[in-house]
Amino acid sequence: MEPAPEQRPPRAPPAGPKSALAFYGVVLALFLPAMLAQLASPVAGLAATQLVVFLVPALVMTAGSNLRAVPYLRLGATRPALVVLGVLAGSAGYLVAGSIMTATQRVLPESWVKAYDLTRLFEGPEWEKIALALLAGILAPACEELTFRGYLQTTLALRRGPRVAIAAGALLFAALHLDPVRFPALLVLGALFGWLTWRAGSIWPAVAAHAANNGLAAGLLLAAGVPEPPPSPSLGAIAAALVGGGGALALLVALYRAASPSPPEPGSTVALRDPSSASIVFDPSRVPRALGAIALAGAAALLVLAALGLARGLGRP
């Protein structure tokens with residue numbers, strides 16, 4: 001029997017920017033040792049980054065805030081057509097972002113471009129290249145979208161609305177990579193992924209777009225190898241790729257908008273794990289013991305890898 005309206009406990013205000021920024025601070029604090037962990041082992045370090053830095057903190061924060069993970073993190077199923085359009089949008093976004101990154105490389109100091117060259121990750125043995133490609137194309141899109149478009153964008157949208165949430169989520173996504181060469185391109189991709197999530201009310205089209213973008217980049221490196229010396233496309237080639245990719249992306253955005261005419265309201269994501277308590281203020285005691293143990297074990301493993309990476313870095317001539 002439903003209680004009368006006057007008997008229902010008042011619901012606490014939804015989580016807002018403060019909790020989003022606090023969560024981002026935790027992710028950033030974990031990301032710094034994750035960078036060292038990738039020096040110890042690119043494969044183990046990348047896997048630990050996705051699981052320990054992105055996936056587990058989002059699950060812990062959601063559970064500890066008395067929120068059901070599926071609606072709040074936008075994990076619910078969506079129409080297959082939107083996922084297919086997400087794949088196509090991510091492919092077009094790859095051309096746009098690649099053109100932007102190439103243009104950025106032309107204006108930044110050459111030393112910066114060399115220092116932040118991620119293609120060096122694919123200079124190892126064949127098994128390592130394949131493992132990195134699989135992690136980048138499958139695990140990374142799921143974990144990063146759950147964090148940025150799932151937890152962060154949802155949390156920001158509850159107080160500031162979808163536009164601010166998409167923009168802020170894209171900015172935080174690009175900034176966390178600590179990569180000035182890729183920053184403008186990541187900003188564009190983050191905005192695209194955020195918009196796809198908002199329109200669908202689900203992260204899965206954005207996961208598909210992210211996977212398409214990463215998969216194309218990793219697949220080309222696997223097929224063609226690391227170019228030596230790196231290519232330097234002409235301004236005309238950059239402009240042609242930007243116009244072509246931008247035109248295709250504009251068409252796909254229009255199709256996606258028509259296929260998702262009614263984005264859900266931000267408040268629809270708030271469903272309490274324990275309806276007897278109206279508070280959604282984070283409380284560590286609400287985190288399931290198994291999840292808490294996984295979080296602690298993951299953090300310990302990450303720190304061990306980071307120490308090994310630091311030792312390896314200091315041991316280089």
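- Considering every non-hydrogen atom in both P71 and A271, the closest pair reads CG-CB, 3.9 Å.
- Following chains of ILVMFWY side-chain contacts shorter than 4.5 Å, one cannot reach L220 starting from V87, and the two form parts of different hydrophobic clusters.
- Side-chain contact check for L305 versus L36: every heavy-atom pair is 4.5 Å or farther apart.
- Residues L186 and L32 are members of one and the same hydrophobic cluster, defined by side-chain heavy-atom contacts under 4.5 angstrom among Ile, Leu, Val, Met, Phe, Trp and Tyr.
- With 3.5 Å as the limit, one finds a donor-acceptor pair spanning the side chains of T49 and Q38.
- Atom CG of L95 sits about 11.0 Å away from atom CD1 of I100, to the nearest 0.5 Å.
- Note on L252: it does not cluster hydrophobically with V243, by side-chain heavy-atom contacts below 4.5 Å among ILVMFWY residues.
- Judged by distance alone, the side chain of S65 and the main-chain N or O of L67 form no donor-acceptor pair under 3.5 Å.
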(Q) Is there a side-chain contact (heavy atoms from CB on, under 4.5 Å) between I203 and L73? Walk through the geometry before answering. (A) CA-CA 8 Å; I203 66 169; L73 299 177; over 6 Å; no

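- In this structure, F31 and F54 have tilted ring planes: the angle between them lies in the 30° to 60° band.
- Counting heavy atoms from C-beta outward, L132 and V43 have side chains that approach closer than 4.5 Å.
- Taking the six-membered ring for Trp and the full ring otherwise, the centers of F23 and Y151 sit less than 6.0 Å from each other.
- Placement of M35 and L121 within a single hydrophobic cluster is found when ILVMFWY residues are connected by side-chain heavy-atom separations under 4.5 Å, directly or transitively.
- The shortest side-chain heavy-atom distance between F173 and E144 falls under the 4.5 Å cut-off.
- Sorted pairs that involve residues 79-104 and meet side chain to side chain donor-acceptor pair (under 3.5 Å), not counting sequence neighbours, are lacking altogether.
- At a cut-off of 3.5 Å, with distance as the only test, a side-chain donor of Y72 or T155 sits close to an acceptor on the other residue.
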Q: For side-chain contact (heavy atoms from CB on, under 4.5 Å), just list the numbers for V164 and L156, CA-CA rounded to whole Å, side-chain angles, deciding distance to a tenth of an Å, and then say yes or no.
A: CA-CA 8 Å; V164 172; L156 291 167; 5.9 Å; no

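- Looking at P180 and W112, their side chains come closer than 4.5 Å, going by heavy atoms from C-beta outward.
- No side-chain heavy atom of D283 sits under 4.5 Å from any side-chain heavy atom of N66.
- Between I294 and V60 there is no side-chain heavy-atom pair separated by less than 4.5 Å.
- The CG atom of L46 sits 11.0 Å away from the CG atom of L134 when rounded to the nearest 0.5 Å.
- Between the CE atom of M101 and the CZ atom of R106 there is a distance of 13.5 Å, given to the nearest 0.5 Å.
- Of all non-hydrogen atoms in A206 and F193, the two that sit nearest each other are CB-O, 3.4 Å.
- A donor-acceptor pair is defined here as one N or O able to donate and one able to accept, closer than 3.5 Å; no such pair exists between the side chain of R273 and the backbone of R68.
- Under the 3.5 Å distance criterion, the side-chain polar atoms of N214 are matched with a main-chain donor or acceptor of A136.
- Heavy atoms only, all atoms of each residue included: S41 and A44 are closest at OG-N, 3.2 Å.
- Hydrophobic clustering of Ile, Leu, Val, Met, Phe, Trp and Tyr side chains at less than 4.5 Å, counting indirect connections, keeps L216 apart from L118.
- Rounding to the nearest 0.5 Å gives a distance of 11.5 Å between CG of L242 and CG of L235.
- Partner of S202 under the side chain to side chain contact (heavy atoms under 4.5 Å, CB included) criterion, chosen from T78, L82, T197: T78.
- Distance check, rounded to the nearest 0.5 Å: CZ of F122 to CG of L221 gives 5.5 Å.
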(Q) Between F282 and M61, does the side-chain contact (heavy atoms from CB on, under 4.5 Å) criterion hold? Intermediate values first, please. (A) CA-CA 7 Å; F282 180 78; M61 192 70 179; 3.8 Å; yes

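- The minimum heavy-atom distance between L272 and S277, with the atom names listed, is CD1-O, 3.3 Å.
- Between R149 and R74, every side-chain heavy-atom pair lies at or beyond the 4.5 Å cut-off.
- Across all their heavy atoms, A209 and L196 have their closest contact at CB-CD1, 3.7 Å.
- Panel note: side chain R312, backbone A40; a donor-acceptor pair is recorded below 3.5 Å.
- In terms of modelled atom types and a separation under 3.5 Å, the side chain of S268 and the main chain of P264 share no donor-acceptor contact.
- In this structure a side-chain-to-backbone donor-acceptor pair under 3.5 Å is missing from T147 to A58.
- Side-chain contact between Y116 and L108 is absent, with no heavy atoms from C-beta onward closer than 4.5 Å.
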**Q.** Worked verdict on L39 versus L310 for side-chain contact (heavy atoms from CB on, under 4.5 Å)
**A.** CA-CA 7 Å; L39 291 178; L310 180 61; over 6 Å; no

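- Rounding to the nearest 0.5 Å gives a distance of 10.0 Å between CD of Q153 and CH2 of W198.
- In this structure, R182 contributes its side chain and D179 its backbone to no donor-acceptor pair below 3.5 Å.
- Side chain of T269 to backbone of P266: a donor-acceptor contact under 3.5 angstrom is found.
- Using modelled atom types, one side-chain atom of W204 and one backbone atom of L75 make a donor-acceptor pair closer than 3.5 Å.
- A distance-only check finds no donor-acceptor pair linking the side chain of Q50 to the backbone of L55 [under 3.5 Å].
- Across every non-hydrogen atom of R286 and V281, the tightest pair is NH1-O, 2.8 Å.
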